[in-house]
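Note on naming: letters A, B, ... go to the chains in the order of the sequence lines (proteins, then strands), and numbering restarts at 1 for each one.
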Number of protein chains: 2
Amino acid sequence: MRTGRPRGFCIETALDRAMTVFWQKGYEGASLSGLTQAMGINPPSLYAAFGNKEGLFRAVLERYDARRKGLMDRVIAAPDAKKAAQLFLEGVAEFSADTNGRNPPGCLLVQSGLSCSDRDIPEILAQHRAEKEKMLRERFERDRKDGNLPKSANPAVLASYLVAMANGMCVQASAGATIKDLMDVVKLALHAWPVAEKPAPKKSAHPLQRAL
Amino acid sequence: MRTGRPRGFCIETALDRAMTVFWQKGYEGASLSGLTQAMGINPPSLYAAFGNKEGLFRAVLERYDARRKGLMDRVIAAPDAKKAAQLFLEGVAEFSADTNGRNPPGCLLVQSGLSCSDRDIPEILAQHRAEKEKMLRERFERDRKDGNLPKSANPAVLASYLVAMANGMCVQASAGATIKDLMDVVKLALHAWPVAEKPAPKKSAHPLQRAL
DNA sequence: GCCATTATGTATCGTCCGATACAATAAAAG
DNA sequence: CTTTTATTGTATCGGACGATACATAATGGC
């Protein structure tokens with residue numbers, strides 16, 4: 001067993017509290033005193049657990065991804081490409097304009113540090129966003145290969161389009177857009193989706209597509 | 001004539017320099033020492049001219065709007081609604097992924113302070129973005145009234161859609177997206193545009209529409 | 001020339017920042 | 001019980017932050 005005095009706080013809970021602070025104030029706007037107060041710990045505990053402010057931020061981002069995994073799984077498992085796009089955009093609209101108070105409006109990956117004194121922060125955030133885009137692109141590449149997307153469709157562009165829409169909606173959500181505002185935009189955005197050439201697809205885009 | 005010692009620096013040039021700093025580092029990441037150094041002046045000159053850091057930021061945003069006025073004028077004067085949408089998105093793609101070094105990538109209104117320790121900053125930025133959206137909405141309301149957009153089209157949603165796309169593309173540009181990447185997205189985004197019900201529009205959407 | 005007015009350069013203010021030193025505490029290992 | 005290891009709370013570090021005091025310089029008004 002692990003020796004030494006046991007940690008006196010829950011890592012996950014502390015990360016959730018820190019996430020809210022970073023979300024509301026951004027990376028640079030989040031002060032150590034604000035973070036420790038929200039997390040209910042003292043500075044030495046924070047530094048012992050996460051190294052420094054950037055280490056805490058990276059841990060928060062990992063937890064953020066974990067929280068969004070459910071949505072991404074549903075998107076990847078959607079029965080067809082357009083349904084995947086719809087689930088993705090609707091999911092983003094739902095959580096970014098969430099009024100349940102579980103999180104501040106918007107998206108942590110967008111608003112916590114697009115521009116920053118420390119150049120690493122925007123890069124880290126970009127990597128996390130690119131990860132989501134990659135998931136979508138690979139899903140659409142499979143769709144195209146299997147004939148569920150027209151050969152004229154470009155999976156990379158489709159993924160980029162969805163991520164741009166998602167990020168843009170998050171910007172609007174952070175400025176006060178309601179979920180209805182965003183859902184209207186989603187409905188319009190899906191009209192851009194390419195139509196299939198042939199009515200009967202060759203085979204499934206994903207083994208789980210029948211699950212829904 | 002104005003009495004007293006004349007100002008020893010050009011306001012516009014200084015604002016352009018400050019704009020670059022805010023653009024790259026965000027509102028909070030931009031330090032007074034960094035700003036004064038980039039502007040080529042000392043702190044007292046800055047405070048005498050702009051009041052404080054927030055005053056400087058507001059002045060920078062006004063200059064930013066002035067710089068973008070040319071694009072917005074062209075958008076409003078476009079011959080039809082879809083052409084307006086195209087000009088807008090292509091214009092945003094062009095300047096946000098600009099490699100001429102005139103500005104950092106992205107959009108100042110998006111990346112300089114979505115989240116901030118000072119709550120006024122996100123609000124000010126949101127107002128400036130909302131102004132652009134309002135211009136688009138009013139243009140589309142005229143189009144719809146004049147029969148250049150189908151009655152089923154919702155001008156507010158169309159404007160919101162375009163602004164979301166623009167903001168999302170800016171996020172991607174700030175992460176390194178090329179102008180080609182964004183142009184591909186623009187082309188796809190325009191596929192969502194509503195098609196007119198009747199082939200012959202009743203009258204011009206705008207007096208300047210014949211100008212192109 | 002002299003005054004009122006405004007801008008400038010130097011030096012510095014108090015505050016908050018991120019980060020630690022240190023002793024005390026709480027567990028496992030022997 | 002003693003040692004070892006790890007976390008805790010208190011108090012504080014050097015530095016950067018935004019913002020100014022103050023004397024000097026440069027203009028128009030008279």
Side-chain angles (χ1 to χ4, degrees), chain A residues 1-15 17-22 24-61 112-113 115-122 124, chain B residues 1-15 17-22 24-61 112-113 115-122 124:
Chain A
M1 171 125 184
R2 178 181 175 83
T3 165
R5 177 172 176 174
R7 202 193 312 279
F9 64 96
C10 170
I11 290 276
E12 283 73 24
T13 303
L15 285 176
R17 305 270 180 82
M19 192 187 298
T20 301
V21 177
F22 281 126
Q24 288 175 330
K25 310 207 166 181
Y27 178 77
E28 292 197 302
S31 70
L32 261 294
S33 62
L35 287 166
T36 52
Q37 187 175 346
M39 298 165 83
I41 60 177
N42 293 110
S45 297
L46 192 156
Y47 282 87
F50 306 107
N52 56 17
K53 188 181 179 181
E54 182 177 325
L56 170 63
F57 188 61
R58 299 180 108 104
V60 163
L61 292 181
S112 62
S115 296
C116 215
S117 173
D118 182 347
R119 269 302 140 98
D120 292 343
I121 303 303
I124 295 170
Chain B
M1 172 133 184
R2 179 183 174 84
T3 169
R5 179 172 175 173
R7 201 193 312 278
F9 64 97
C10 170
I11 290 276
E12 282 74 24
T13 302
L15 284 176
R17 304 271 180 80
M19 191 187 298
T20 301
V21 177
F22 281 126
Q24 288 175 331
K25 311 207 166 182
Y27 178 78
E28 291 196 302
S31 70
L32 260 295
S33 61
L35 287 166
T36 52
Q37 188 175 344
M39 298 165 84
I41 60 177
N42 294 110
S45 298
L46 192 156
Y47 282 88
F50 306 106
N52 57 16
K53 188 181 179 182
E54 183 177 325
L56 171 63
F57 189 62
R58 290 179 183 270
V60 163
L61 291 181
S112 61
S115 296
C116 216
S117 172
D118 181 348
R119 269 303 144 96
D120 292 343
I121 304 302
I124 296 170

**Item:** Sub-4.5 Å side-chain heavy-atom contact between A:Leu56 and A:Phe22
**Value:** yes
**Message:** Suppose the criterion is salt bridge (charged side-chain N to carboxylate O under 4.0 Å, His left out): which pairs have a residue in residues 27-52 of chain A, not counting sequence neighbours?
**Reply:** none
**Message:** For the OG atom of A:Ser117 and the NZ atom of B:Lys25, what is their distance to the nearest 0.5 Å?
**Reply:** 5.0 Å
**Request:** Please round to the nearest 0.5 Å and tell me the distance separating atom CG of A:Leu15 and atom SG of A:Cys10.
**Result:** 8.5 Å
Atom pairs and distances, side-chain donor-acceptor, residues 35-49 of chain B, under 3.5 Å, sequence neighbours left out:
residue	atom	partner	partner atom	Å
B:Thr36	OG1	B:Leu32	O	2.9
B:Thr36	OG1	B:Ser33	O	3.0

**Request:** Check every nucleotide of DNA chain D for an atom under 4.0 Å from a heavy-atom of chain B, then give the first and the last such nucleotide from 5' to 3'.
**Result:** D:dC17 to D:dG29
**Nearest-nucleotide comparison on DNA chain D, the residue closer to the 5′ end among B:Glu28 and B:Gly4** = B:Glu28
**Item:** Proximity to DNA chain D (any heavy atom under 4.0 Å), residues of residues 30-51 of chain A only
**Value:** A:Asn42, A:Pro44, A:Ser45
With 3.5 Å as the limit, what N/O pairs link the protein to nucleotides 23-25 of chain C?
residue	atom	partner	partner atom	Å
C:dT25	O2	A:Arg5	NH1	3.2

**Message:** Could you measure the distance from the CZ atom of A:Phe9 to the CD1 atom of A:Ile11? Nearest 0.5 Å is fine.
**Reply:** 4.5 Å
**Message:** Holding to salt bridge (charged side-chain N to carboxylate O under 4.0 Å, His left out), I want the full list of residues that pass it with A:Arg58, two or more places apart in sequence or in another chain.
**Reply:** A:Glu54
**Request:** Using the six-membered ring of A:Tyr27, assess whether NZ or CZ of A:Lys53 lies under 6.0 Å from its centre and within 45 degrees of the ring axis.
**Result:** yes
**Prompt:** Between OG of A:Ser112 and CZ of A:Phe57, what distance do you get to the nearest 0.5 Å?
**Reply:** 3.5 Å
**Complete:** On DNA chain C, more 5' by nearest nucleotide between B:Arg2 and A:Asn52 is B:Arg2
**Minimum-distance pair of heavy atoms, taken over all atoms of B:Pro122 and B:Asp118** = CD-O, 3.3 Å
